Colleague: 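My questions will all concern the structure given below.
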Amino acid sequence: MNKKVTKAIIPAAGLGTRFLPATKAMPKEMLPILNKPTIEYIVEEAVASGIEDILIVTGKGKRAIEDHFDNNFELEDNLLKKGKFELLKEVRASSRVEIHYIRQKEPKGLGHAIWTARKFIGNEPFAVLLGDDIVRSKEPCLKQLIGKYDEMQSSIIGVQTVPGDQTYRYGIIEPTQNDGRCYEVRNFIEKPVPGTAPSNLAIMGRYILTPEIFRYLEKQEIGAGGEVQLTDAIQKLNKVQNVYAYDFEGKRYDVGEMIGFIRTTIEFALENEEYKSEVEEIMIELLKIKSMVKIL
Ligand code: G1P
């Protein structure tokens with residue numbers, strides 16, 4: 001009998017060192033793009049893709065994430081009394097999904113974080129969404145992958161093309177052949193040494209995996225960066241059951257590093273009806289000042 005993908009894991013135990021000191025006492029997943037924490041965009045994508053249960057893997061100093069997705073009666077009561085109904089709707093929306101939590105007790109890497117979720121997953125296919133990439137698309141990114149899983153009944157990894165000089169930052173696939181957007185894969189390589197990547201197709205933080213992946217994660221072998229890598233377990237799984245890569249449709253925003261984060265904030269503001277025109281004016285003004293300084 002075919003099994004449906006209804007569970008998702010969102011790893012959120014990382015230290016967020018790229019955003020220090022902001023992340024000294026606040027989880028990086030709570031840094032906002034406009035008025036929403038980045039992790040809420042990820043949860044929204046999972047829900048819009050038909051996921052029913054989400055497990056967030058947290059660690060030390062991540063309580064604010066649990067509070068965010070919980071009810072806040074004082075705040076709701078206050079907004080209600082002041083007649084701020086639109087805000088009330090948004091505040092309530094973030095506490096409507098069924099979210100579970102587990103703590104990763106040691107920072108041993110992404111592969112280890114996923115492994116801590118094995119009991120929650122049991123013997124079902126499941127999704128993984130990484131918080132460093134927000135994807136905007138007509139059909140939610142994860143939904144595209146679930147659709148492909150339903151058709152193939154095999155693990156599907158979301159990929160997109162990156163510039164050649166960026167491959168060292170990602171898990172990269174070595175494709176053999178493709179049928180439209182779907183690739184058969186010979187090798188999955190985590191963070192290849194610059195100049196050695198077999199393609200420009202990079203793993204983009206969205207995965208549908210069969211539960212057999214836990215057999216390989218259980219070994220907890222250390223990979224790139226001294227961490228247990230999910231990509232290495234996928235490489236091993238691919239030797240015994242096909243793991244496909246799917247070049248999903250959609251624009252991806254890298255909110256895991258500072259320049260990507262700034263760019264995402266600007267782009268989202270320029271697309272937001274409320275802020276659009278004022279932000280455009282600010283940008284024109286700033287660019288004018290900059291070019292005047294250059295002329296002087
Ligand atoms: C992780 C994965 C990598 C993937 C990347 C996408 O790396 O290990 O395969 O390409 O996310 O953002 P990280 O960025 O956590 O080092």
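Order of listing sets the numbers, starting from 1, for every ligand and every atom in it. Since the model is a prediction, treat every value here as computed from it, not as a measurement.
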Colleague: Under 4.5 Å between side-chain heavy atoms, hopping through other hydrophobics if needed: is there a path connecting Ile56 to Val128?
Modeller: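 They do not share one cluster, since no chain of ILVMFWY contacts under 4.5 Å joins Ile56 to Val128.
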Colleague: Can you list the atoms of ligand 1 that are under 4.0 Å from a heavy atom of Lys191?
Modeller: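 Taking each heavy atom of Lys191 in turn, ligand 1 has 7 (O), 13 (P), 16 (O) under 4.0 Å.
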Colleague: Do you see a protein non-hydrogen atom under 4.0 Å from atom 7 (O) of ligand 1?
Modeller: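 Flag for atom 7 (O) of ligand 1 set to true, protein heavy atom closer than 4.0 Å.
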Colleague: Distance to 0.1 Å, residue and atom name: give those for the protein heavy atom nearest to atom 11 (O) of ligand 1.
Modeller: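 Its nearest protein heavy-atom neighbour is Leu130 CD1, 3.3 Å.
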Colleague: Counting non-hydrogen protein atoms only, what is the nearest one to atom 14 (O) of ligand 1? Give residue, atom name and distance.
Modeller: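 Closest protein heavy atom to atom 14 (O) of ligand 1: Asp132 OD2, 4.4 Å.
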Colleague: Going by the rule ring pair (Phe, Tyr, Trp, His ring centres under 6.0 Å), which residues pair with Phe268 if we only count those two or more places apart in sequence or in a different chain?
Modeller: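 Phe268 satisfies ring pair (Phe, Tyr, Trp, His ring centres under 6.0 Å) with Tyr41, Tyr253 only.
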Colleague: Can you find a side-chain donor-acceptor pair between Glu212 and Thr210 that sits under 3.5 Å?
Modeller: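 The criterion, which ignores hydrogens and geometry beyond distance, is satisfied for Thr210 and Glu212.
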Colleague: With nothing but distance in play, are any N or O atoms of Leu110 less than 3.5 Å from an N or O of ligand 1?
Modeller: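 Looking only at distances, the answer is no, because the N/O contact criterion of under 3.5 Å is not met.
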Colleague: Side chain, backbone, both or neither: which applies to Asp254 and ligand 1 if a contact is any heavy-atom pair less than 4.0 Å apart?
Modeller: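 Answer for Asp254: neither.
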Colleague: Salt bridge check, Lys89 against Glu86: does any charged N sit closer than 4.0 Å to a carboxylate O?
Modeller: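 The answer is yes: the pair qualifies as a salt bridge.
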Colleague: Decide, yes or no, whether a salt bridge links Asp132 with Lys28 under the criterion of side-chain N to carboxylate O below 4.0 Å.
Modeller: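 Between Lys28 and Asp132 there is a salt bridge, with a charged N closer than 4.0 Å to a carboxylate O.
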Colleague: Tell me whether Glu218 is salt-bridged to Arg215, with the criterion being a basic N under 4.0 Å from an acidic carboxylate O.
Modeller: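 The answer is no: the pair does not qualify as a salt bridge.
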Colleague: Check the hydrophobic clustering (I, L, V, M, F, W, Y; side-chain heavy atoms under 4.5 Å; chains of links allowed) and say if Val135 and Leu270 are grouped together.
Modeller: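 Linked within one cluster.
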Colleague: Decide if the gap between the ring center of Tyr149 and the ring center of Tyr246 is smaller than 6.0 angstrom.
Modeller: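 They do not qualify: ring centres at least 6.0 Å apart.
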Colleague: Using a 4.0 Å cutoff against the non-hydrogen atoms of Gln229, which atoms of ligand 1 qualify?
Modeller: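 In order of numbering, the contacting atoms are 8 (O).
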Colleague: Which of the numbered atoms in ligand 1 are below 4.0 angstrom from a heavy atom of Thr231?
Modeller: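 Near Thr231, meaning under 4.0 Å from one of its heavy atoms, ligand 1 has 9 (O).
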Colleague: Identify, for atom 10 (O) of ligand 1, the protein heavy atom at the shortest distance, and state residue, atom and that distance.
Modeller: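 Going by distance alone, atom 10 (O) of ligand 1 is nearest to Ile203 O, 2.6 Å.
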Colleague: Is it the side chain, the backbone, both or neither of Glu190 that has a heavy atom closer than 4.0 Å to ligand 1?
Modeller: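 The side chain, only.
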Colleague: Does an N or O from Tyr170, backbone or side chain, lie closer than 3.5 Å to an N or O of ligand 1?
Modeller: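 Such a contact does not occur with ligand 1.
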Colleague: Backbone or side chain, does any N or O of Asp133 fall under 3.5 Å from an N or O of ligand 1?
Modeller: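 Such a contact does occur with ligand 1.
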